[in-house]
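Below you'll find the structure, written out as C-alpha cells, and then a few comments.
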Amino acid sequence: MAKVAPAPSIDALSGMDAKMAALSKLEGLTEEFSAQIHRRKSDRYLRRAVRAWRGGDIQAAGRAALRAIDIDESNPKAFHVLAMYLERMGHVHKALVTYERAFALDPDDPELLINLGLTAWNLKLHDGAAKMFRLYIAAQPDSPLGYNNLGSILGDMGDPDLAVETLRAAIYRMPQEAILWNALATVLAEDGRVEESLVFYSEATRLNPDFARLYHNFGYAYQHLGRLPEALEAYDNALARVLDPVEIREATHSRSICLIGMGRLEEGFKAYEIRRDEKFRCYVHHVLKAPLWNGEDINGKRVLIVGEQGLGDEFMFANILPDIQRAVGPTGKLQIAVDERLVSLFARSFPEAEVGTYDDRTLLDKDGNKALRFIPFALKDGEPDCYAWMGSPLGWLRPRIEDFPHQSFLVPDPARVETFRAKLAEGGPGLKVGICWRSMMMDTKRSKYYSALDLWGPILQTPGVRFINLQYGDCKDELAHAEEKFGVKIEFIEGLNLKDDIDGAAALSAAVDMMISAPTAAAAVAAGVGTETWFLTAGRTWPQLGTMEFPWYRKTQVFTPEKFGNWQGLMPQVAETLKARSAAL
C-alpha cells in the first residue's frame, strides 16, 4: 500500500523556489549567451556582405546577408543589407517589405527611414516616402539627407514652391552642404526655371568640386538652355570624377545625346551605343542567337531591324530603312520589327521587306527585372544572318548631316487619304493645319516640354486657316475649352482613333496641308509621310542634330522660345509666320 508523502515545510518550499529561480536565471543567461554567439556569427556574414557590396559584387552581398539572417533572424542590419540587395536587383516590392522588417527590429535606425522612403519613392508611393523623409529629419535634424530627399520628392509631387521652401530653409541651416544646393538647383530646373538653377549648381560646385553627379546635372541644365558646348564640358567633368558604374553609364548616355544635338554625329552615334549595355537602365534583351550587325556588307543577307524606345523613335529611325533595303539587294531580305500599330503602315512603306511585331515580356531572375523582346515572326525560317536595333545603323549610314536625304519614307493608305481630303474639302477653303500640342505621357517633369492648348490663341486665331485635330488620346475637354476661349472651331474626324489607328492618323496627316505640333509621335507620323511639319519645342532638342530643322524628314521647321519654355513669347511669332504662309496661297 502506497504511503502519502508528508506536506513540505516552509523551509523546504523556499529552497525549492530558490533552486527553480536559479535554474531560470541560468537558462536565461544561457539563452542570452547563445543569442550573442548567433549574433556574432551573423555579424561575420554581415561584414562579408558589406565588403562584397563595396567591392561591387552585389550577388555575393545578397547571399551573405541571407546567410546572416539564417543564423540570426533578429539581426536588423542583415535585413537592411538584404533589402538593399533586393532593391538593386529590381525586386522593389520585396525590398520595401524587407526594409519594414528591419525597421520593426530596430526602429531607432534612422538610415532605414531614408531607404524606406527611397524605395517607396521608387514605387511611386510619394506620400509614404515623404512621411519617411520627414521622420528622418525629426530624428536627424542636422543631416542634409532628409531635406535633400524631401525637397526632391515634393518637386516630383508637383509642389515646387514647397520643395524650394524646404531646401532653402535647410540651406540656411547648413550652408556648406553642396548636396542641398544641388537639390535646390534640380528642383528649379525641373520646374522650368533652368537659367535660375545655374546659380545654385555653381555654388554647389564651389563647395564640392569633386561631386560627380552635380556636373551631370549641370550638363542637363546647359543642354536644356541650348548651351551645348558648356553641357559637353560638364558631362566630361562628371565622367572624370565618377566612380559608380551606374553613374558612368548614365553620364555617357547623356554625353552622347549632347554630341548628337551638336551635330557631331559620328562621335555621338558611337557613344549612343551605351544604351545596348546590358546594365544600362533601359536595356532590352533581344531573344535572338543571330549576331549583331555592325556595318559590314549585307548584300544577299537576311537582316532583321528591330524598333526601339517608343513610337516617335521608331518613326524617326525608320529614316534609314530605305538604305538598308538597298543594301541587302535583290537576293537579300530585310525584316522589320515594330510596334504592332505600325505594321500595316510599314508594310506598305517597305513592300520588299517582311514586317511584323515584337512581343515584350519581363523576366524576374537572380539579376533582377530583365526586359525581354521576342520577335517570333522573324524566326519562322530560322535565325536571320544578323540583326540591329533600329537606331544603331545611324552610326555608319548617317555620320554627317549631309547624309540625311530629306525625303518622305512612309506611305499612307492612298484610299484613306482621298477619303479624308474629300471630308476636309466639305469644310470650305483655307489652309488646313493639323495640330498636336502634347504627349500622352504627361507628368510634372514632362509637362514643361509641352505648351497647353490654352496658350495657342495667337495661332488658332490666324485668319484664313482651318485647324484639324491630330492630338491623340482623350482631348475633347481641351478642344471645347479652346474653342470657347478663342472663338474658333477645331475640326476632328469622328470615329478616328488617333492613338491606335496609326494608319488612319498617317492618312489624315497626309490629307492636311501642314502640321504644327510638339515633338510627339503625331508630328513624326506627319513628317514621315512628307507633310510640312512645324515643331514647337521648349528648347533645342537633340533630334535637330545641331540645325534649325529635324533633318530626318522632308520639310520641317523648328520654333523655339528665346527663354526655355516661354510659350507666351513664342506663340505670336509662330502665328505671324503662319499668317504669311496662309497669305501666300
Side-chain angles (χ1 to χ4, degrees), residues 35 38-140 143 145-157 244-246 279 281-283 285 360-372 443:
H38 283 299
R39 177 57 57 85
R40 283 198 294 269
K41 287 182 179 179
S42 178
D43 283 347
R44 282 202 294 271
Y45 282 96
L46 180 61
R47 286 191 289 272
R48 290 184 192 178
V50 172
R51 285 196 300 270
W53 186 282
R54 292 187 185 279
D57 192 344
I58 308 302
Q59 290 291 332
R63 288 193 298 269
L66 275 172
R67 182 68 181 122
I69 290 168
D70 286 340
I71 295 169
D72 183 359
E73 293 185 352
S74 66
N75 190 337
K77 290 181 171 53
F79 280 101
H80 193 157
V81 174
L82 179 62
M84 291 167 59
Y85 161 78
L86 290 169
E87 186 171 15
R88 175 64 72 88
M89 292 299 105
H91 307 299
V92 187
H93 286 90
K94 290 181 180 178
L96 184 63
V97 172
T98 308
Y99 278 130
E100 289 173 341
R101 176 68 183 276
F103 187 67
L105 290 168
D106 186 6
D108 296 324
D109 182 357
E111 303 310 316
L112 281 168
L113 292 168
I114 284 289
N115 284 331
L116 267 169
L118 291 172
T119 306
W121 191 354
N122 196 13
L123 289 168
K124 301 189 184 306
L125 303 172
H126 293 129
D127 290 335
K131 179 181 179 180
M132 292 298 106
F133 298 145
R134 288 190 173 98
L135 287 172
Y136 179 87
I137 290 170
Q140 298 286 314
S143 169
L145 292 178
Y147 305 98
N148 174 76
N149 291 332
L150 179 60
S152 298
I153 199 171
L154 288 171
D156 268 10
M157 293 169 72
D244 185 350
V246 174
K279 294 185 178 180
R281 59 182 165 80
C282 296
Y283 175 76
H285 177 74
D360 287 349
R361 307 285 181 89
T362 300
L363 172 70
L364 290 176
D365 65 7
K366 64 182 180 64
D367 296 320
N369 288 328
K370 180 178 291 182
L372 303 178
D443 56 25

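Closest non-hydrogen pair, S143 versus Y136, comes out as OG-OH, 3.0 Å. For the pair V81 and A49, the tightest heavy-atom approach, listed with the atom from each and the gap, is CG1-CB, 3.9 Å.
Between atom CD of residue E111 and atom NZ of residue K77 there is a gap of 10.0 Å, rounded to the nearest 0.5 Å. Separating the CD atom in Q140 from the CG atom in L145 is a distance of 9.0 Å, to the nearest 0.5 Å. If you take CG on D72 and CZ on F79, they are separated by 8.5 Å, rounding to the nearest 0.5 Å. Atom CG of L154 sits about 13.5 Å away from atom OH of Y147, to the nearest 0.5 Å. Note that CZ of R134 and CG of L150 are 5.0 Å apart. Values are rounded to the nearest 0.5 Å. For the atom pair D108 CG and L113 CG, the distance stands at 10.0 Å (nearest 0.5 Å).
Using a 4.5 Å cut-off on side-chain heavy atoms (C-beta onward), D127 and M157 make contact. Side-chain contact between L372 and T362 is absent, with no heavy atoms from C-beta onward closer than 4.5 Å. The shortest side-chain heavy-atom distance between L96 and L125 falls under the 4.5 Å cut-off. Two residues are said to be in side-chain contact when any heavy atoms from C-beta on lie closer than 4.5 Å; R67 and I71 meet this criterion. By the 4.5 Å heavy-atom criterion applied to side chains, F103 and H80 are not counted as neighbours.
No side-chain N or O of N149 forms a donor-acceptor pair with one of W121 less than 3.5 Å apart. With 3.5 Å as the limit, one finds no donor-acceptor pair spanning the side chains of D156 and H126.
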Please assess Q59 against Y85 for the test side chain to side chain contact (heavy atoms under 4.5 Å, CB included), listing each intermediate value before the final yes or no.
CA-CA 8 Å; Q59 290 291 332; Y85 161 78; 3.5 Å; yes
